[in-house]
Asks: 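Structure in structure tokens, see below.
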Protein chains: 2
Amino acid sequence: MSALQVAGAPVRTGASSVLFSVIPRLVSTIAGPAAQVATAPSSRRSALHHVTLKDIAREVGVSVMTVSNVVNGNLGRVSPATAARVEAAVTALGYVPNAAAQSLAARRTRLVGLLLPSRPDDTSLLASPHDVAVTGAVEAALRSRDHHLMLRGVATARDVSDSVRRWSLDGVVVMGFTDDEVRALDLPATLPTVVVDAAAGSGLAQVRSDDRTGGRLAGEHLTALGHRHLLICGPAGTASGVVAQRVAGFREAARRAGLPDDAVTVADTPTTYEGGVALGARIAPQVRAGTLTAVFATADILAAGVARGLGDAGLRVPEDASVLGYDDADLARHVTPRLSTIAQDTTRKGHVAADLLLGLVTGQHAEPRSETIPVALTARESTGPAPA
Amino acid sequence: MSALQVAGAPVRTGASSVLFSVIPRLVSTIAGPAAQVATAPSSRRSALHHVTLKDIAREVGVSVMTVSNVVNGNLGRVSPATAARVEAAVTALGYVPNAAAQSLAARRTRLVGLLLPSRPDDTSLLASPHDVAVTGAVEAALRSRDHHLMLRGVATARDVSDSVRRWSLDGVVVMGFTDDEVRALDLPATLPTVVVDAAAGSGLAQVRSDDRTGGRLAGEHLTALGHRHLLICGPAGTASGVVAQRVAGFREAARRAGLPDDAVTVADTPTTYEGGVALGARIAPQVRAGTLTAVFATADILAAGVARGLGDAGLRVPEDASVLGYDDADLARHVTPRLSTIAQDTTRKGHVAADLLLGLVTGQHAEPRSETIPVALTARESTGPAPA
DNA sequence: CTGAAAGCGCTAACAG
DNA sequence: CTGTTAGCGCTTTCAG
């Protein structure tokens, strides 16, 4: 806005002359270092020439501080005329601030870390479609607010420190860890932190889907379809409040539907397709015997695996057994049968995580908050009436 | 190694005394700033206290440069005894170098950008499973070589500049763009750059699968199965050397199999599941008429969509038509039927991209190289004999 | 409204 | 082998 304003304002001739006087000088400024580099040993590549505040200041004939103030939008401290000339020079020279210098001087980096688990054997971070979607949304949200994202796989507190302290990250989003793992990361107490889908320790903000409701919706859907022998599967063995909540909601729904507590069993499985396939194979006999007719998985990828495992065993989904997922990842629409699932808006989740974090960073809200993303049942093809 | 060596070495008392003398002092050092912040307006959060080289130098009683040399492994310039004492203090105080300061002083950031397309309407970056896999591998490779990854969605040259120059990135990996788009990004000429799956302009390194061979393998597989009416689909309308190569290889195989040139047609489709579904619906009549029996898609996600579109139209894959994908993403094993595909090792691809880039950065190989990732046919369930 | 001074934490280039 | 000197580019005081 101010740039346009300035351009159209009746500025004194100085402003426009800058546009012409500036270019030749810049060229000569560049020539020096460039020539130097050419003769130097080529083992280190020349850095791109960086137009500095000083360059602008020299051009316009003002102090570095004035330029800094204009660039940073502190227009209250600069006369419109001066601001105009500075703006013009900034544009003409293509000035881009140096983040490292700003970090050093201002103790603010505008750099946010996204910490994901880097398991030694694991294929990679971003194995979970859910995490991928949230990651993209976090990046977009940060970008729109002039921040940058550092993507980092971490396994230990040392890894965390290596990123957070070394880069003086303004804050971090932590995703994909169990409650215990988050604790083991030993995040610096003063570091603005948002935890996604895990229990936030003291002083950490948190974003998660409405897990309890999600579990309940799942239970209601399945019991409404007449299922009376239910299995919920996911990483139940790990200390995970998320899974616990979903299980609790699921059980609650079953209870309300008049089912005995033992109508719901819990299977501890990793959140992977392969884990699901294995489980599907394992439970096939029970499905065949009619002692199990519906499975609720804590993630679509897992549900897809279960459906596959069941299918490989010669069972039909949903005729012989219903399978319900969680997340509504793209995957849910890609597999056959299309997955019924508890949908959550991962794009929104990422945005909320970013907003929460930046709120913490800027001190807008001092107290770390906890946000819940709404969920909704999306019934597709993988769930159906309980077999007679 | 040296740290352990030091700990066990018969160092003079100075070394061990450091461990004790150091802690109390540090506490008082911290107390100052911390107290200050508490009374200051809380709008800006206190940065984590940063132990500096100076702190270590003061502790050990040497110059900052000596500490710097030890920390950076320039052991040639420091006596073992001094190095030992410094190492001890570094460990005791938990020193972590400040990347911003290093960047500023050394003109090297150890920060690499991964630039992905950020399309306005697009769901997000990382929409493609292939890109997700490569991203994870790049991060892991960089991490193992003490570099960090900045993930950034860009659409314009300005976006690029905003990241690259602002953060003085050591280099960038560019992925997910068409040849034209890469050109439009106007990457700084001197910036070490590796382009994944797109034509590298002058002076850019490149990583891509062996697209020509991939296309040929696809063509051979399909023609060997007796197919004589082939369709290849992908973003053919965009200027993409990758697609062109795959098409060329595919055509070559068809020709060698004795098919006329018009046996192969090309369909321009976006690389999305939805694009595939739409195409599947569109070609269903031809499949039914027997004038088309096999489809080769340039990505698994697209192939999965085509299979779905065909299925929705009441056609069977592979009985009525074969569908062949590319990449061998996880997805290929998740959908039904499981996708036959041209497999490439995306993990390796990411590693190679990172290696290539760091080679460029360190000046190891001055000339930007081009690396090719081998491909192989993985036959699963989506391809079969041509219908009689 | 504008400028001068000082320093963020680190490293190159020299001196000793 | 070790220390000194000078900045990297920017922002924060504090003076005009």
Side-chain angles (χ1 to χ4, degrees), chain A residues 29 33 36-37 40-41 43-44 46-58 60-86 90 93 95-110 165-168, chain B residues 29 33 36-37 40-41 43-44 46-58 60-86 90 93 95-110 165-168:
Chain A
T29 305
Q36 223 173 50
V37 166
S43 62
R44 179 168 295 145
S46 69
L48 303 182
H49 176 73
H50 206 141
V51 177
T52 70
L53 282 188
K54 216 186 205 171
D55 293 330
I56 311 266
R58 188 172 22 235
V60 181
V62 294
S63 80
V64 173
M65 266 323 294
T66 300
V67 180
S68 173
N69 281 135
V70 173
V71 168
N72 293 3
N74 296 340
L75 275 313
R77 314 185 175 206
V78 183
S79 78
T82 306
R85 295 166 57 209
V86 170
V90 162
L93 295 182
Y95 169 76
V96 175
N98 180 319
Q102 288 183 314
S103 307
L104 211 50
R107 283 120 190 293
R108 176 181 49 45
T109 57
R110 293 187 163 277
R165 294 180 54 193
R166 185 154 161 199
W167 286 100
S168 312
Chain B
T29 304
Q36 224 172 49
V37 166
S43 63
R44 179 168 295 143
S46 67
L48 303 182
H49 176 73
H50 205 141
V51 178
T52 70
L53 282 188
K54 213 186 206 168
D55 293 330
I56 311 266
R58 191 177 14 242
V60 181
V62 294
S63 80
V64 173
M65 268 322 293
T66 299
V67 180
S68 173
N69 282 135
V70 172
V71 168
N72 293 4
N74 296 340
L75 275 315
R77 314 185 175 208
V78 183
S79 77
T82 307
R85 295 166 57 210
V86 170
V90 163
L93 295 183
Y95 169 77
V96 175
N98 181 320
Q102 288 182 315
S103 307
L104 213 49
R107 280 121 189 292
R108 176 181 49 45
T109 56
R110 293 185 165 277
R165 294 179 54 192
R166 185 156 163 197
W167 286 100
S168 312

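Proteins come first, then strands; the chains are lettered A, B, ... in the order of their sequence lines, and each starts at number 1. In what follows, every heavy atom counts, from backbone to side chain, and hydrogens, waters and symmetry copies are set aside.
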Asks: Specify the separation, in whole Å, of atom CD of B:Gln102 and atom C1' of C:dC10.
Replies: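 These atoms are roughly 7 Å apart.
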Asks: Among D:dT2, D:dT11, C:dT11, which nucleotide sits nearest the side chain of B:Arg77?
Replies: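 Shortest atom-to-atom distance from the side chain points to D:dT2.
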Asks: Take the C1' atoms of the five end pairs on each side of the helix from C:dC1-D:dG16 to C:dG16-D:dC1, get both axes, and report the angle to 10 degrees.
Replies: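 Between the axes fitted at each end of the helix from C:dC1-D:dG16 to C:dG16-D:dC1 lies an angle of 40°.
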Asks: In terms of side-chain heavy atoms of A:Met65, which of D:dG7, D:dG9, D:dT12 is nearest?
Replies: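 Within the option list, the nearest is D:dT12.
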Asks: Rounded to the Å, how far apart are B:Asp55 CG and C:dC10 C1'?
Replies: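 In whole Å, C:dC10 C1' and B:Asp55 CG are 13 Å from each other.
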Asks: If you only use heavy atoms from C-beta on, which nucleotide in D:dT11, C:dC1, D:dC10 is closest to the side chain of A:Ser79?
Replies: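 Of the options given, the side chain of A:Ser79 lies nearest C:dC1.
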Asks: To the nearest 0.5 Å, how far apart are OG1 in A:Thr66 and CD1 in A:Ile56?
Replies: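 A:Thr66 OG1 to A:Ile56 CD1: 12.5 Å, rounded to 0.5 Å.
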Asks: Any heavy-atom pair between the side chains of A:Val71 and A:Leu53 that's under 4.5 Å?
Replies: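 Touching, per the 4.5 Å side-chain cut-off.
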Asks: Mind listing the closest non-hydrogen atom pair of A:Lys54 and A:Val64 along with its distance?
Replies: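 Between these two residues, the closest heavy atoms are CA-CG2, 4.1 Å.
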Asks: Between A:Ser103 and B:Ala100, what is the shortest heavy-atom contact and its length?
Replies: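 Shortest heavy-atom contact: CB-CB, 3.8 Å.
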Asks: Does D:dG3 have OP1 or OP2 under 4.0 Å away from a side-chain N or O of B:Ser63?
Replies: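 For D:dG3, OP1/OP2 do have a side-chain N/O of B:Ser63 under 4.0 Å.
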Asks: Quick one: B:Arg108 CZ to C:dC10 C1', roughly how many Å, whole number?
Replies: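 Roughly 11 Å, once rounded to whole Å.
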Asks: Check this one for me: any side-chain N or O of B:Thr82 less than 4.0 Å away from OP1 or OP2 of D:dT2?
Replies: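 Yes, B:Thr82 has a side-chain N/O under 4.0 Å of OP1/OP2 on D:dT2.
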Asks: If you define the side chain from C-beta out and look only at heavy atoms, does anything of A:Val78 sit under 4.5 Å from A:Asn74?
Replies: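 A:Val78 does not reach A:Asn74 side chain to side chain.
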Asks: Between A:Trp167 and A:Thr109, what is the shortest heavy-atom contact and its length?
Replies: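 Nearest heavy atoms, A:Trp167 then A:Thr109: O-CG2, 3.6 Å.
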Asks: Could you check which of C:dA12, D:dG9, C:dC10 has an atom nearest any side-chain atom of B:Ala101?
Replies: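 Nearest nucleotide to the side chain: C:dC10.
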Asks: Given atom CG of B:Asn74 and atom C1' of C:dC10, what is their separation to the nearest angstrom?
Replies: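 My rounded result for the distance is 13 Å.
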Asks: Would you call B:Asn98 and A:Leu104 a side-chain contact if the rule is heavy atoms closer than 4.5 Å?
Replies: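 SC-SC contact between B:Asn98 and A:Leu104 confirmed.
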Asks: What is the distance from NZ of B:Lys54 to C1' of C:dG9, rounded to the nearest Å?
Replies: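 Those two atoms, NZ and C1', are 9 Å apart.
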Asks: Would you mind classifying the nucleic acid contact of A:Asn69 as base, sugar-phosphate or nothing, using non-hydrogen atoms under 4.0 angstrom?
Replies: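 No contact.
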Asks: Could you tell me how far apart B:Leu53 (CG) and D:dT4 (P) are, to the nearest whole angstrom?
Replies: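 Those two atoms, CG and P, are 15 Å apart.
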Asks: Have a look at B:Ser103 and say if it touches a base, only the backbone sugar-phosphate, or nothing, with a 4.0 Å heavy-atom cut-off.
Replies: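 Counting heavy atoms under 4.0 Å across all strands, no contact is made by B:Ser103.
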Asks: B:Leu104 has a side chain; which of C:dG9, C:dC10, D:dT11 sits nearest to it?
Replies: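 Nearest to the side-chain atoms of B:Leu104, counting from C-beta on, is C:dG9.
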Asks: The side chain of A:Arg107 lies closest to which of these nucleotides: C:dG9, C:dT2, D:dC10?
Replies: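 Between C:dG9, C:dT2, D:dC10, the one nearest the side chain of A:Arg107 would be C:dG9.
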Asks: Can you measure B:Asn98 atom CG to D:dG9 atom P for me and round it to whole angstrom units?
Replies: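 Roughly 16 Å, once rounded to whole Å.
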Asks: Any base atoms under 4.0 Å from A:Val62, or only sugar-phosphate, or nothing? Heavy atoms, all strands.
Replies: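 Sugar-phosphate, backbone atoms only, no base.
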Asks: Return whichever of A:Ser68 or B:Gly61 has its heavy-atom-nearest nucleotide of DNA chain D closer to the 5' end.
Replies: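 Its nearest nucleotide being more 5', the pick is B:Gly61.
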Asks: Counting side-chain heavy atoms from C-beta on, which of D:dT2, C:dG3, D:dC10 comes nearest to A:Thr66?
Replies: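 The answer is C:dG3, which lies nearest to the side chain.
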Asks: Could you check whether any side-chain heavy atom of B:Val62 comes within less than 4.5 Å of a side-chain heavy atom of B:Thr82, counting everything from C-beta outward?
Replies: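 Yes - at least one pair of side-chain heavy atoms lies under 4.5 Å apart.
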